[in-house]
Amino acid sequence: MKIESAEVFVASPGRNYVTLKLTTDTGLTGLGDATLNGRELAVVAYLQEHVAPLLVGRDAHAIEDTWQYLYRGAYWRRGPVTMAAIAAVDMALWDIKAKAAQMPLYQLLGGPSRTKLRAYAHATGWSTGELIASVQQRIDEGFTAVRIQPGVPGLNRTYGVNGAGSALGAYEPAARLALPEEEDWDTSAYMRHIPGVFGTVRDKFGPEIDLLHDVHHRLTPIQAAKLGAALEPFNPFWLEDVTPAENQAALSLVRTHTTVPLAIGETFNSIFDYQILIRDQLIDYVRSAVTHAGGITAMRKLADYAALYQIKLAIHGPSDISPVGFAAALHLDLAVHNFGIQEYMMHPVQARDVFDVDYTYADGALYLSDSPGLGVRYDETAAAAYPYERAYLPVNRLKDGTLHDW
Ligand code: CS2
Ligand code: MG
């Protein structure tokens with residue numbers, strides 16, 4: 001079975017998604033997600049100009065060899081653009097292989113290790129009262145694990161809630177402005193505010209609900225250590241991305257001072273970004289997206305490496321991973337032994353016009369069907385009605401204008 005064509009589609013049903021479609025000489029098709037939020041067309045060009053010509057005529061079954069060919073063959077290794085492109089090819093080939101076998105992909109990865117995939121949802125509110133209402137809504141929807149992101153007194157907008165009165169999710173699909181939106185940041189104000197919010201939410205909902213929080217790369221290691229220690233009485237499920245973590249060893253300082261579980265890695269794109277973090281047991285959850293870390297082939301190796309150290313998989317699942325990339329995550333989640341939890345941010349409603357998916361949500365968990373492959377269909381005609389729109393993620397400045405991590 002040979003690859004006959006590789007086509008790339010860009011559509012914006014609520015937000016931009018880049019989708020690769022591979023077709024074989026036997027008529028099978030496979031889908032891959034290549035969406036890199038805010039830099040989408042860089043991956044489109046990489047796929048169309050540099051990868052598609054290499055794929056035509058290749059054995060569609062030779063997934064590992066194709067992965068190595070694209071990774072080593074480029075000479076210029078790693079980086080989010082390259083790894084998103086490789087990920088899309090890898091997903092599409094796994095989709096094809098599973099369709100050829102007439103099995104859902106998770107069967108080819110070893111079969112199901114559990115019956116359902118526990119998911120966490122986002123709750124957000126500028127004031128603590130709004131946040132509590134949002135948590136209640138998630139609990140009413142069946143979630144038993146909720147990420148809480150409050151506003152910060154003195155700021156006008158911040159990650160996870162954007163501004164007072166903003167809609168749920170408005171913090172993610174960067175406004176369709178000519179230039180990135182500018183948010184403001186004050187680490188001291190944030191550090192003073194968060195423990196009280198955690199305490200109030202914990203008091204209101206009791207000990208059983210799991211509460212998560214995303215620091216979104218904003219602290220130094222010593223600040224992160226201090227925040228972790230301050231939150232310990234409220235038993236967070238995890239703190240996510242406490243530091244930017246380009247310096248992996250820095251997390252050992254955080255670890256020395258707090259037992260709060262740490263999750264990290266949505267911006268990482270290689271197993272090597274985790275080498276020290278996993279080997280030295282500095283984290284508890286790996287957060288890469290299948291879409292950004294080289295696909296199922298690479299993520300399986302990452303999950304297995306993490307498993308040696310009792311570290312669990314908690315794949316990134318925001319609305320900027322397409323339903324194709326999200327389905328790939330669910331198949332891996334179902335198959336690996338060290339599944340932790342799955343983020344479920346949900347896609348814009350318009351995405352349903354373009355992506356027809358077989359996965360379902362019920363009572364705090366996600367389920368896969370037994371349909372062959374990834375279980376996602378792409379409607380090219382519907383996609384054409386949602387043309388690409390340039391969109392940036394926000395940037396973040398301190399009060400004196402210094403650019404800070406977003
Ligand atoms: C976030 C992401 O889901 C998360 O944990 O950190 O939504 C992140 O902000 C976006 O994926 C950026 O594109
Ligand atoms: Mg995050």
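One is the number of the first residue; the rest follow in order along the sequence.
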For the pair Y305 and Y309, name the ring-plane relationship: parallel under 30°, tilted 30 to 60°, perpendicular over 60°. perpendicular
Any pair with a residue in residues 288-307 that passes salt bridge (charged side-chain N to carboxylate O under 4.0 Å, His left out), sequence neighbours left out, goes on the list, sorted by first then second residue, please. E64-K301, R300-D304
From the options D95, V290, I296, L70, select the one residue that forms a side chain to side chain contact (heavy atoms under 4.5 Å, CB included) with D90. I296
E181 (side chain) donor-acceptor with V395 (main chain) under 3.5 angstrom: no
Can a salt bridge be assigned to the pair K312 and D284 using a cut-off of 4.0 Å between side-chain N and carboxylate O? no
Decide side chain to side chain contact (heavy atoms under 4.5 Å, CB included) for T360 and L366; before the verdict, give the C-alpha distance in whole Å, the side-chain angles of both, and the deciding distance to 0.1 Å. CA-CA 6 Å; T360 51; L366 288 149; over 6 Å; no
In plain terms, say whether R118 and D210 are close enough for a salt bridge, that is, a side-chain N and a carboxylate O under 4.0 Å apart. yes
Report the distance from atom CD of E380 to atom OG1 of T19, rounding to the nearest 0.5 Å. 9.5 Å
Donor-acceptor pair, T24 side chain versus L28 backbone, under 3.5 Å? yes
Donor-acceptor pair, E232 side chain versus T259 backbone, under 3.5 Å? yes
With a 6.0 Å cut-off (strictly less than), is the heavy-atom count around CZ of R202, excluding the residue itself, greater than 12? yes
Side chain to side chain contact (heavy atoms under 4.5 Å, CB included) with S322: of D33, T291, V354, only one passes, and it is D33
Give a yes or no on whether a salt bridge exists between R78 and D273, defined as a side-chain N under 4.0 angstrom from a carboxylate O. yes
Any side-chain heavy atom of L374 sitting closer than 4.5 Å to one from W94? no
How far apart are the C-alpha atoms of K226 and M191, what are their side-chain angles, what is the distance that settles it, and do they pass the side chain to side chain contact (heavy atoms under 4.5 Å, CB included) test? CA-CA 9 Å; K226 197 172 171 185; M191 300 268 294; 4.0 Å; yes
Where do Y71 and I86 land on the side chain to side chain contact (heavy atoms under 4.5 Å, CB included) test, with the steps shown first? CA-CA 7 Å; Y71 181 78; I86 295 177; 4.0 Å; yes
Looking at R15 and E389, does any basic side-chain N land under 4.0 Å from a carboxylate oxygen? no
Are the charged groups of D333 and R114 less than 4.0 angstrom apart, N to O? no
Could you verify whether a donor N or O on one side chain and an acceptor N or O on the other, from Q137 and S134, lie under 3.5 Å apart? no
Please confirm whether Y17 and F9 have ring centers closer than 6.0 angstrom. no
Atom pair CG/CE of L332 and M91 - distance to nearest 0.5 Å: 10.5 Å
Look at the aromatic rings of Y46 and H50 and report parallel, tilted or perpendicular, splitting at 30° and 60°. perpendicular
Does D356, at its CG atom, have more than 12 non-hydrogen atoms belonging to other residues, nucleotides or ligands within less than 6.0 Å? yes
Is it the case that more than 12 heavy atoms not belonging to M346 sit under 6.0 Å from its CE atom? yes
Can you tell me how far CZ of R279 sits from CD1 of I311, rounded to the nearest 0.5 angstrom? 11.5 Å
Scan for ring-ring contact (aromatic ring centres under 6.0 Å, His included) pairs involving residues 268-298, sequence neighbours excluded, and state none if there are none. F237-Y285, W238-Y285, F268-Y274
Validation row: L231, I194 side chains within 4.5 angstrom (heavy atoms): yes
Is a donor on one side and an acceptor on the other found under 3.5 Å between the side chain of W67 and the backbone of G294? yes
Using only atom types and a distance under 3.5 Å, with no angle test, would you say the side chain of S113 pairs donor to acceptor with the backbone of A335? yes
For A327 and V376, the nearest pair of non-hydrogen atoms, with its separation, is CB-CG2, 3.5 Å
Any D370 side-chain heavy atom under 4.5 Å of Q107 side chain: no
Judged by atom type as modelled, is there a donor-acceptor pair below 3.5 Å linking the side chain of T124 to the main-chain atoms of G160? yes
So how far is it from D59 CG to T66 OG1, rounded to the nearest 0.5 Å? 7.5 Å
How close do P236 and P261 get, heavy atom to heavy atom, and via which atoms? O-CD, 3.8 Å
Decide, yes or no, whether a salt bridge links D65 with R58 under the criterion of side-chain N to carboxylate O below 4.0 Å. yes
Taking NZ in K204 as the centre, count heavy atoms belonging to other residues, nucleotides or ligands within less than 6.0 Å. Is the count above 12? no
Least distance between heavy atoms, V260 atom then R255 atom: O-NH1, 4.2 Å
Quick one: closest heavy-atom pair of H257 and A229, and the distance? O-CB, 4.1 Å
Is the Y344 to Y361 ring centre distance short of 6.0 Å? yes
I want to check a possible cation-pi pair here: R218 against W185, using under 6.0 Å from ring centre and within 45° of the ring axis as the test. yes
Side-chain donor or acceptor of Q149 paired with backbone N/O of D214 under 3.5 Å: yes
Closest approach of I96 to A60 (non-hydrogen atoms, all atoms of both residues): CG2-CB, 4.4 Å
Separation between CZ (F234) and OG1 (T200), nearest 0.5 Å, reads 8.0 Å
Flag, side chain of T158 to backbone of G151, donor-acceptor distance under 3.5 Å: no
Which heavy-atom pair separates Y378 from A11 by the least distance, and what is that distance? OH-CB, 3.7 Å
What's the verdict on side chain to side chain contact (heavy atoms under 4.5 Å, CB included) for L108 and K97, showing C-alpha distance, side-chain angles and the deciding distance? CA-CA 9 Å; L108 273 57; K97 191 187 280 293; 3.8 Å; yes
Which residues satisfy the side chain to side chain contact (heavy atoms under 4.5 Å, CB included) test with D280, sequence neighbours excluded? I276, L282
Residue H337 excluded, over 12 heavy atoms near NE2 under 6.0 Å: no
Closer than 3.5 angstrom, by distance alone: can the side chain of Q248 be matched with the main-chain N or O of L277 as a donor-acceptor pair? yes
Lys/Arg N to Asp/Glu carboxylate O, E183 vs R157, below 4.0 Å: no
Ring center gap for Y367 and Y359 short of 6.0 angstrom: no
Are side-chain heavy atoms of S288 and H316 found at a separation under 4.5 Å? no
Nearest 0.5 Å, what's the CG-NE2 distance between L219 and H404? 7.0 Å
Using a 3.5 Å distance criterion without hydrogens, assess whether the side chain of N16 forms a donor-acceptor pair with backbone atoms of G38. no
Is a salt bridge present between R287 and E343, judged by a nitrogen-to-oxygen distance below 4.0 Å? yes
Is any side-chain heavy atom of P80 closer than 4.5 Å to one of R39? no
Between W406 and H217, is the gap from one ring center to the other below 6.0 Å? no
Checking Y159 against N396: is there a side-chain donor and acceptor pair closer than 3.5 Å? no
